[in-house]
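What follows is a single structure, written as structure tokens, with notes after it.
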Amino acid sequence: MLNQFNNNSINKKQKAYIRTYGCQMNVNDSEYLIGQLKHLNYTITDDMLRANLIILNSCCVRKNVEQKIYSLIGRIKKIKIVKKDLLLGLCGCLAQKEKEDIFKRFPCVDFILGTSQISNLESTINMLKKSKKKIIDCENKLKFNLKNTPIKRNNNISALVQIMRGCNNYCSYCIVPYTRGPEQSRGVSEILNEANNLVQNGYKEIFLLGQNVNSYGQDLTKSVRFSELLKLLNDINDIVRIRFITSHPKDLSFDLIKTIKNSDKICNHIHLPIQSGSDKILKLMNRKYDTNHYKNIVNEIRDKVDNVSITTDVMVGFPGETDKDFSNTLNLFEEIKFDGMYSFIYSNRETTVSSLMPNQIPLQTKKERLWKLSNLQKVISNKINEKLKGKVVNVLVKGYSQKNIINQLSGKTDTNKSVIFNGEKGLIGKIVKVRVIESDAWTLFGELVN
Ligand code: SAH
Ligand code: SF4
Ligand code: F3S
């Protein structure tokens, strides 16, 4: 039966379309999904209408993304009416949250894979082709099982590497601990092997991923600190840059700051989600730090690491957030001066503690607060970037700029700022020096320095 399937797929190339929602962890999971599809002899298409297989790798951190996914499933249902052999699979966090309820609500879905079952895509498709029965695989197995899973990476310069999955923090608003399960670190040697293989294959940047990288290694039989893992990676000769997300302010250690300071490869950029500038709200969020602690860490980072950039995540409209709480956030942003931020309107997620809290904030107020905070941050980012005009920055060239103008390249500084400049294709994958000529809140524009 298996042979027959393989023969069929060789004779008639099947096409798969995959859409990824959510964080970098999901982006990396999709690279594993695509690796398995290639192994099954699928070609990947950008055109959903031409696909024989559609996979949605889903997120549910906020309600609006969930709604987008449901409305896309509704569209695919219509395509399936005319395209009888089309298969539809839902993977990732929304699949993990809703489980078999998805089948009840959307009978057009053929299979569901949870967040720990990404590696099972290949066997799932094989089974589905044989039995034509719906498949659900969401039992939360707690094993890091990506080692032998084929992967097809999105680019050949910067590689995402998961060092841990899951989260134990239970911030009161957040669904991630429910969808990704408890923290689970990947073994040091497995990470080092992967990093070594990547650099041998020409990758320049290793981008470490975890929901809370600062608590890496605590669950391993022989516990290892995150800063120790970084030192080991730093010792791999051909790695040019090391990045990581996300750091939790309650766990970021002085040892880590020292490690960043002493390493030439770990990028001078820390993404440190603050979430709110009000101590009352931080307590309700169960973040386990206050604004004083946060400011102390920022001062320590800026004191020890030269030329560092700090970015953050923040939420507006958490239940009980008064005008005063919000103005505390504005004031703190004014004081800290982040290089950039991702800002979100608080979204009520079922099963989370905050969904039961009184004093939910009206949408209009949330929108106004988001608008005010975005405007403030835009002015701050503009000013910070303006100061870089005339300076020379080191840029890892990632590819052509999004606008695809001939010979216009784009890359990232070690402070994680995007830079656009003119240059030859041959520079892609290299570190070059660029003098900044212009800037806005998000991007630097420059010229190559010979
Ligand atoms: N592990 C990371 C963040 C993961 S989720 C951390 O702890 O920082 C990414 C961001 O989504 C969070 O930082 C938070 O700002 C936002 N987020 C999470 N749950 C949310 C919710 N219910 N509503 C709005 N934003 C939310
Ligand atoms: Fe969610 Fe908090 Fe865990 Fe981040 S640390 S994933 S915000 S529960
Ligand atoms: Fe979304 Fe899951 Fe990531 S909920 S943000 S895809 S961990």
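First listed ligand is number 1; within each ligand, the first listed atom is number 1.
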**Request:** Look at the N, O or S atoms of Cys167, main chain and side chain alike, and state whether any lies under 2.8 Å from atom 2 (Fe) of ligand 2.
**Result:** no
In the protein, what heavy atom is nearest to [atom], and what distance, to one decimal place, separates them?
{"atom": "atom 11 (O) of ligand 1", "result": "Arg62 NH1, 3.1 Å"}
{"atom": "atom 1 (N) of ligand 1", "result": "Gln211 O, 2.7 Å"}
{"atom": "atom 5 (S) of ligand 1", "result": "Val61 CG2, 4.1 Å"}
{"atom": "atom 6 (C) of ligand 1", "result": "Thr246 CG2, 3.9 Å"}
{"atom": "atom 22 (N) of ligand 1", "result": "Ser347 O, 2.8 Å"}
{"atom": "atom 8 (O) of ligand 1", "result": "Pro273 CG, 3.0 Å"}
{"atom": "atom 2 (Fe) of ligand 2", "result": "Cys171 SG, 2.3 Å"}
{"atom": "atom 7 (O) of ligand 1", "result": "Arg287 NH1, 3.5 Å"}

**Asked** Listing by chain and number, what protein N/O/S atoms are under 2.8 Å from atom 1 (Fe) of ligand 3?
**Response** Cys59 SG
**Message:** If you count every heavy atom of other residues, nucleotides or ligands that lies below 6.0 Å from Asn201 atom CG, does the total exceed 12?
**Reply:** yes
**Prompt:** Heavy-atom distance to atom 7 (S) of ligand 3: which of Arg165, Gln96, Glu66, Arg180 wins?
**Reply:** Arg180
**Message:** As a check for students: among Gly166, Pro249, Cys174, identify the option with a heavy atom nearest to atom 1 (Fe) of ligand 2.
**Reply:** Cys174
Before signing off on this row, confirm whether [X] and ligand 1 have an N or O atom pair separated by under 3.5 Å.
{"X": "Tyr173", "value": "yes"}
{"X": "Arg349", "value": "no"}
{"X": "Gln275", "value": "yes"}

**Prompt:** Is there a heavy atom of Arg180 sitting under 4.0 angstrom from any atom of ligand 2?
**Reply:** no
**Prompt:** Any heavy atom of Ile245 sitting closer than 4.0 Å to ligand 1?
**Reply:** no
**Request:** May I ask you to establish whether Arg287 and Tyr294 are in a cation-pi arrangement, using a distance under 6.0 Å from NZ or CZ to the six-membered ring centre and at most 45° from the ring axis?
**Result:** no
